[in-house]
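First up is the structure itself, then whatever we jot down about it.
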Amino acid sequence: MKLATWNVNSLKVRLPHVLQWLEANPIDVLCLQETKLTDDKFPVAELEAAGYQVAFTGQKTYNGVAILSRFPLHDVVKNNPRFADESQRVISATIEGIRVVCAYIPNGQAVGSDKYQYKLRWLDALHDWLADELKSHDQLALLGDYNIAPDDRDVHDPAAWAGSVLVSDPERAEFRRLVDLGFKDAFRLFEQPEKIYSWWDYRMMAFRRNMGLRIDHILLSPMLAARCTGCVIDKLPRKWEQPSDHTPVIAELA
DNA sequence: ATGGCTTGCGCTGCAAGA
């Protein structure tokens, strides 16, 4: 069973990449963020033709999340029922007994801004909701764009980024609070090469210079962590024409 | 050096991303 997450930065633009990537990679469940499509424009037929069932919730211009699955999706829930939010940032479903939560965590814009406060409140609410979800789901995976680099190892230049949004202490504390619920960062369950990232700025030739951050993650409940046999970031799609600025993260379960 | 790209909206530059 392979689970993956990918912030596609517009599914309208990136659908060919998603289809190409799925053709080359045997992924069972793919969580997408920043689809930027209202539900009436979601490419259901194209994805079903590729062998995937879909659950999605979107809005105009911003946000939007989806789960694509080779297996049936049960008990689909949109958003965090504990947090009133106009932004479409969360969708959940049970697939082969696994509760899959796909999340696009707010960016936060700048430390101290209104959007930063919203990010921290949003993460508090996510924490409280998932604490309860874990009581009813032994097998729970939280996949998505967290917009948090949990550790200096996840930052190309920790000195330059120190204290700024995506790496600030309060954001990292929120990430640790999720981990303290019992989750494991799938990527760190395994020995990994250094300087592996999941996002690079479009500007400054950041990708070619590997000026990236690891901000897309797969957190696994203890039972799923015990089943996990590997976790990799596939940076290949970042090299394609007109790429997303993020690249997929994949976890394999036995 | 706070810019640098990319997208959506919609037709003109601007907001937002990270």
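Just so we're on the same page: letters track the sequence lines, and every chain starts at 1.
- The nearest heavy atom of DNA chain B to A:Lys12 and to A:Gln109 marks one nucleotide each, and the one closer to the 5' end goes with A:Lys12.
- Atom-to-atom, CD of A:Glu34 to P of B:dG8 comes out at 10 Å; the value is rounded to the nearest Å.
- With rounding to whole Å, A:Met204 atom CE is found 7 Å from B:dG4 atom C1'.
- Comparing B:dA16, B:dC5, B:dC9 against the side chain of A:Thr61 picks out B:dC9 as the nearest.
- For the pair A:Gln88 CD and B:dG8 P, the interatomic distance rounds to 18 Å; values are reported in whole Å.
- Although no hydrogens or angles enter the test, the distance criterion places no donor-acceptor pair under 3.5 Å between the side chain of A:Ser198 and the main chain of A:Arg214.
- The existence of a salt bridge linking A:Asp154 and A:Arg188 is confirmed by a sub-4.0 Å separation between a basic side-chain nitrogen and an acidic carboxylate oxygen.
- Comparing B:dC9, B:dA18, B:dG8 by their closest approach to the side chain of A:Lys60 singles out B:dC9.
- Contact between the side-chain N/O atoms of A:His246 and the OP1/OP2 oxygens of B:dA18 is found at a separation under 4.0 Å.
- Distances shorter than 4.0 Å separate some side-chain N or O of A:Asn147 from OP1 or OP2 on B:dA18.
- Salt-bridge check for A:Lys119 with A:Glu171: passed, with a basic side-chain N closer than 4.0 Å to an acidic carboxylate O.
- Across B:dA18 and B:dT2, the matching C1' atoms stand 13 Å from one another, rounded to whole Å.
- Nucleotides B:dC11 and B:dT7 are separated by 16 Å at their C1' atoms, to the nearest Å.
- B:dA18 atom P lies 8 Å from atom CG of A:Asn9, rounded to whole Å.
- When the C1' atom of B:dT2 is taken as reference, atom CH2 of A:Trp161 falls 12 Å away, rounded to whole Å.
- Between A:Trp161 and A:Trp199, the ring planes are perpendicular. Angles over 60° get that label, and only those under 30° would be called parallel.
- One can place CG of A:Asp114 at 13 Å from P of B:dG17, the figure rounded to the nearest angstrom.
- Distances shown here put a side-chain N or O of A:Tyr104 below 4.0 Å from the OP1 or OP2 atom of B:dA18.
- No more than 12 heavy-atom neighbours from other residues, nucleotides or ligands sit within 6.0 angstrom of NZ on A:Lys184.
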